[in-house]
A.B. asks: 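To start, I am sharing the structure in question, which I have written as structure tokens.
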Amino acid sequence: MALPLFFHNRWLLAPPNLHSLESSFIAIHLLHHTTATAPQPHNPTEEDEPPSKLPPFHHTEHNQPTPIKELLISAIKSASHKTHLLQLHAHMLRTSLVQHPAVSLHFLYRVALSGPLQDHSYSHRFFHTITYPFVSHYNTMIRASSMSDSPQKGLFLYRDMRRRSVSADPLTSTFVIKCCIRFLCLFGGAQVHCNVFKDGHQSDSLLLTSLMDLYSQCQQCRDACKVFDEIPHRDTIAWNVMISCLIRDKRSRDALSLFDVMQNSKYECEPDDVTCLLLLQACAHLNALEFGERIHRYILERGYGAALNLSNSLISMYSRCGSLDKAYEVFKGTCNKSVVSWSAMISGLAANGYGREAIEAFEEMQRLGIRPDDQTFTGVLSACSHSGLVDVGISVFDRMSREFGITPTIHHYGCMVDLLGRAGLLGKAYQLITSMPVRPDSTIWRTLLGACRIHGAVMLGERVIEHLIELKAQEAGDYVLLLNIYSSAGHWDKVAEVRKLMKEKSIQTTPGCSTIEVKGIIHEFVVDDVLHPRKGEIYEKLDEINKQLKIAGYVVEPSSELHKIDDKEKGYVLSYHSEKLAIAFGVLATPQGTTLRVANNLRLCIDCHNFLKTFSWVYNRDVVLRDHNRFHHFRGGRCSCNDYW
DNA sequence: CTAGGGTTAG
């Protein structure tokens with residue numbers, strides 16, 4: 001708005017950026033009539049007693065339509081400079097309008113919530129000068145705390161509010177819950193939940209949705225489900241929160257099933273872009289390519305195709321389902337590729353064994369002027385380690401901090417340990433762990449232990465186990481690796497010793513688990529599975545496959561990976577590893593020549609690796625197997641990886 | 001005597 005001419009010379013006195021007539025009027029008015037400087041706020045320590053009755057607001061004074069009040073509010077609304085606000089504060093004090101609910105609320109709103117005038121300590125000081133704060137005042141303060149660095153304050157305010165028997169509305173609870181989520185305070189959240197019932201807000205869908213999110217983020221999936229069941233009308237966001245909860249709880253399969261449930265005639269809820277984002281994550285976890293493709297089609301149908309976050313998720317999903325060409329297709333079709341897109345593509349190439357291509361992509365993105373970040377480097381370094389590009393990896397690691405100013409995290413060190421370890425530079429890897437500035441975690445020692453296994457380094461292996469024991473983080477898998485190190489070195493006495501130790505400590509092995517997707521349905525198998533409805537057929541098929549493979553020269557490795565420690569004691573000749581069961585089921589359930597896609601939660605053992613190599617040749621089927629950190633593409637008797645020989 | 005809410009990419 002153009003200012004009237006007569007304001008022009010005074011305009012210079014007022015702070016810049018005044019864009020409304022009212023605000024400049026007030027500001028100038030104040031400049032001329034105020035001698036007061038910025039008010040000294042009240043001392044917040046002097047706590048008032050809770051009011052016995054309703055606030056004695058002086059209606060007589062302010063209730064008649066005073067134009068000054070309205071002007072003040074609009075001035076507060078349009079204030080654009082700090083000094084301006086201070087002047088308004090002074091004015092409010094002089095006219096006693098500070099205690100006017102509407103005025104103080106507007107003022108609080110400007111100071112507490114995000115914007116150029118935000119000032120947390122000022123807002124707290126101001127808030128404490130309000131003698132009888134209303135719900136709205138508390139709401140504003142609590143909401144501000146939920147977005148600040150000290151979300152605990154929100155909970156304190158909430159308690160204060162209840163103590164002063166100011167009744168909470170659904171929004172208050174929503175904001176406090178947000179605070180609790182910020183610092184994962186399950187206890188505080190549960191308190192709020194109780195009060196929600198007391199206040200009679202137990203059927204407010206939005207409030208219940210945030211409660212669900214609280215339980216979900218605090219790893220209380222069951223409570224989240226309970227809350228979900230109580231929501232009267234579940235909208236898309238409620239479903240999304242439920243799905244994200246299931247994914248967090250590693251129940252990706254259940255999460256996928258909700259895609260159909262929410263759409264059925266009973267609920268009639270349309271999945272939106274966030275739903276797709278979440279479900280793509282679930283597909284990536286489960287290696288559920290067909291389901292992922294379905295989501296992809298849905299995205300195109302709904303016209304979400306241009307969204308960058310969805311494209312990035314698709315790239316990641318396809319590459320984590322071992323379908324690299326599809327990932328590349330999406331990648332090519334993505335406009336305005338961001339670091340995220342490039343990193344997803346690079347990690348995808350890396351996990352599928354295309355180290356050189358990953359490096360090329362890395363160079364290309366730099367040529368296009370996209371700055372790599374820490375996650376890009378994780379991808380690049382893992383590409384180097386999976387493809388044995390030792391020198392490249394070392395130089396990239398070096399450039400990362402020197403050229404790009406990124407301090408390596410534990411993940412980067414992990415990649416380097418893996419890289420050096422695989423290449424047989426075990427001493428260097430050990431040295432790197434002991435000299436790095438971050439505290440080594442169990443994963444990094446485990447990586448080194450894996451390298452010791454490959455290279456048969458008995459002594460170092462023992463040392464690594466000690467470190468794991470020191471961290472109190474040793475798992476069954478670690479002892480299994482140690483067992484394998486001993487057994488491949490022929491130290492049978494030590495093997496017995498470790499077994500005894502494991503028994504004494506009663507260490508359980510993590511059950512191996514494989515999934516295979518057939519016609520969009522995920523089938524899950526564990527070692528020696530007895531739960532699958534077609535188990536009879538499956539075991540028969542597996543025996544048949546075993547016979548066929550033996551003819552072709554496949555030999556069971558007797559001293560191979562001992563995933564199941566008790567096998568021999570139980571007298572099993574051969575345990576049915578879950579990946580083999582999944583393969584047998586795949587042969588049963590899919591037509592000749594179909595690629596079998598299997599995901600496994602552990603590291604593929606040498607025996608299964610040999611089994612799959614021979615299988616891919618004898619049965620003339622491609623197998624894409626994802627183990628816990630990479631892909632193995634089996635075709636014609638060979639595997640894309642160079643980890644096993 | 002009134003501002004304001006919940007899910008989200010590598």
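Given the structure is predicted, the values throughout are model-derived calculations rather than measurements. All values below come from the heavy atoms of this structure, side chains included, with hydrogens, waters and symmetry mates left out. The sequence lines fix the lettering, A, B, ..., with proteins before strands; numbering per chain opens at 1.
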A.B. asks: Check the angle between the aromatic planes of Phe107(A) and His89(A) and answer parallel, tilted or perpendicular using the 30° and 60° thresholds.
C.D. replies: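 Phe107(A) vs His89(A) ring planes: tilted.
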A.B. asks: Should the side chain of Asp169(A) and the base of dG4(B) be counted as holding a donor-acceptor pair, with the cut-off at 3.5 Å?
C.D. replies: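 Yes, a donor-acceptor pair under 3.5 Å.
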A.B. asks: I'd like to know if Asn139(A) reaches the base of dG5(B) with its side chain such that a donor and an acceptor end up less than 3.5 angstrom apart.
C.D. replies: no
A.B. asks: Taking donor-acceptor contacts at under 3.5 Å, does the side chain of Ser343(A) reach the base of dG10(B)?
C.D. replies: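 Such a pair exists between side chain and base.
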A.B. asks: Could you tell me whether Val135(A) contacts a base, only the sugar-phosphate backbone, or nothing, with contacts defined as non-hydrogen atoms closer than 4.0 Å?
C.D. replies: nothing
A.B. asks: Could you tell me the separation between the CG atom of Leu108(A) and the C1' atom of dG4(B), rounded to a whole number of Å?
C.D. replies: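 Answer to the nearest Å: 13 Å.
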A.B. asks: Could you tell me whether Ser316(A) contacts a base, only the sugar-phosphate backbone, or nothing, with contacts defined as non-hydrogen atoms closer than 4.0 Å?
C.D. replies: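 If one applies the 4.0 Å heavy-atom cut-off, Ser316(A) turns out to touch the sugar-phosphate alone, with no base involved.
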A.B. asks: Can you find a donor-acceptor N/O pair under 3.5 angstrom joining the side chain of Asn309(A) to the base of dG10(B)?
C.D. replies: no
A.B. asks: Which part of the nucleic acid does Leu207(A) contact within heavy-atom distance under 4.0 Å: base, sugar-phosphate only, or nothing?
C.D. replies: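 Since a base atom lies under 4.0 Å of Leu207(A), the category is base.
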A.B. asks: At under 4.0 Å between heavy atoms, what does Thr376(A) touch on the DNA or RNA strands: base, sugar-phosphate, or nothing?
C.D. replies: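 Since a base atom lies under 4.0 Å of Thr376(A), the category is base.
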A.B. asks: Side chains of His633(A) and Asn352(A): is there a donor and an acceptor less than 3.5 Å apart?
C.D. replies: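 Distance-only check passes for His633(A) and Asn352(A).
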A.B. asks: Students often get this wrong, so: under 4.0 angstrom with heavy atoms, is Ser313(A) touching a base, only sugar-phosphate, or nothing?
C.D. replies: sugar-phosphate
A.B. asks: Heavy atoms under 4.0 Å, any strand shown: does Asp273(A) hit a base, just sugar-phosphate, or nothing?
C.D. replies: nothing
A.B. asks: Looking only at the side chain of Ala238(A) (C-beta and beyond, no hydrogens), which of the listed nucleotides dG6(B), dG10(B), dG4(B) gets closest?
C.D. replies: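 Per side-chain heavy atoms of Ala238(A), the pick is dG6(B).
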A.B. asks: Regarding Arg125(A) and the six-membered ring of Tyr122(A), is the cationic atom NZ or CZ under 6.0 Å from the ring centre and inside 45° of its axis?
C.D. replies: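 Relative to the ring axis of Tyr122(A), which defines the angle, Arg125(A) lies outside at least one limit.
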A.B. asks: Do Asn309(A) and Asp273(A) have a side chain donor and acceptor closer than 3.5 Å?
C.D. replies: no
